[in-house]
Amino acid sequence: MKARAFMLFLFALAGCGEPATINRTAEGSTTPPYVRPTSDPSLLGETVTPVVIGSGGPSFDACNAAGTIRRRAAGSAPVPVRAAPYEAAARIDALAGDAHFFICSRSQDEAWFGIVYDEGGQASARCGVSAPVPERRDYQGPCAAGWVSSALVRLASNASRVASSAAPQQ
């Protein structure tokens, strides 16, 4: 009991006196804080990730799926096509609500589709992805390619059917 009383006396005594003042300039690090410039761009804006075709192997079409833009409210802005599967990546094009395209690859998190489309946002046999390719590779053209958010895409029929229906009639 005496030991407890003595300890309480010591704690009470320690609480008395002048409050400690902290001189932050005399002690501690002298390194100035880092201030990020307001014009410091993200490196993601410079990233380019090619759309890959032929992932299914030589027995399947280079792009096995097709898609369209999900129905959106009238007057909605066109859907941006990005250079890489990131929101911060550069916008390289935009697709209107009636666009049709080939879906050739996906991002690892499946939040983005790598797409191929012809002029005017249409799937076309001219793009060369509705038939098998010998091996997996980056798409080199002649059509445009980029990345769109998968949340804005509605899957359509298979790519071969879309390309044949989009081919010019003779």
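All of these numbers come straight from a predicted model, not from anything done at the bench. All residue numbers in this chain count up from 1 along the given sequence.
- Looking at every heavy atom in both residues, Ile92 comes nearest to Ala83 through CG2-CB, 3.9 Å.
- Residues Pro132 and Pro58 share a closest heavy-atom pair of CB-O, 3.2 Å.
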Check the pair Val129 / Asp61 against side chain to side chain contact (heavy atoms under 4.5 Å, CB included), numbers first and verdict last. CA-CA 7 Å; Val129 295; Asp61 291 346; over 6 Å; no

Contacts table for residues 138-146: side-chain donor-acceptor under 3.5 angstrom, sequence neighbours left out:
unit_1	atom_1	unit_2	atom_2	d
Tyr139	OH	Cys127	O	2.9
Tyr139	OH	Gly141	O	3.3
Tyr139	OH	Cys143	N	3.1

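- A pairwise comparison of heavy atoms in Thr49 and Trp147 identifies O-NE1, 2.7 Å as the closest pair.
- Counting only distance, with no hydrogens or angles, the side chain of Arg70 and the backbone of Arg154 share no donor-acceptor pair below 3.5 Å.
- At a threshold of 4.5 Å between side-chain heavy atoms, the hydrophobic network of Ile, Leu, Val, Met, Phe, Trp and Tyr places Phe101 and Leu152 in one connected group.
- Separation of atoms CZ (Phe102) and CG (Asp118) is listed at 8.5 Å; rounding is to 0.5 Å.
- Distance check: Ile69 CD1 to Asp98 CG gives 9.5 Å after rounding to the nearest 0.5 Å.
- Closest heavy-atom contact between Ala84 and Ala89: O-CB, 3.6 Å.
- Smallest separation of non-hydrogen atoms from Val51 and Cys104: CG1-CB, 3.8 Å.
- In this structure, Ser150 OG and Phe113 CZ are separated by 5.0 Å, a value rounded to the nearest 0.5 Å.
- Residues that satisfy the salt bridge (Lys or Arg N to Asp or Glu O under 4.0 Å) test with Arg137, not counting sequence neighbours, are absent from this structure.
- Taking CZ of Arg82 as the reference point, atom CD of Glu87 lies at 4.5 Å (rounded to 0.5 Å).
- The hydrophobic cluster containing Val148 also contains Leu155, counting ILVMFWY residues as joined when their side-chain heavy atoms lie under 4.5 angstrom apart, directly or transitively.
- Interatomic distance, Ile115 CD1 to Asp93 CG, rounded to the nearest 0.5 Å: 8.5 Å.
- Ala62 approaches Val133 most closely through the heavy-atom pair CB-CG1, 3.8 Å.
- The NE2 atom of His100 lies 5.5 Å from the CD atom of Gln122; values are rounded to the nearest 0.5 Å.
- Residues Val153 and Thr68 form no side-chain contact, since every pair of their non-hydrogen atoms from C-beta on lies 4.5 Å or further apart.
- Side-chain atoms of Tyr117 and Val81, non-hydrogen and from C-beta on, do get closer than 4.5 Å to each other.
- A donor-acceptor pair under 3.5 Å is formed between the side chain of Ser107 and the backbone N or O of Trp112.
- Heavy-atom neighbours of Arg91 CZ from other residues, nucleotides or ligands within 6.0 Å: above the threshold of 12.
- When side chains are defined from C-beta on, Ile53 does not count as touching Arg136, because their heavy atoms never get closer than 4.5 Å.
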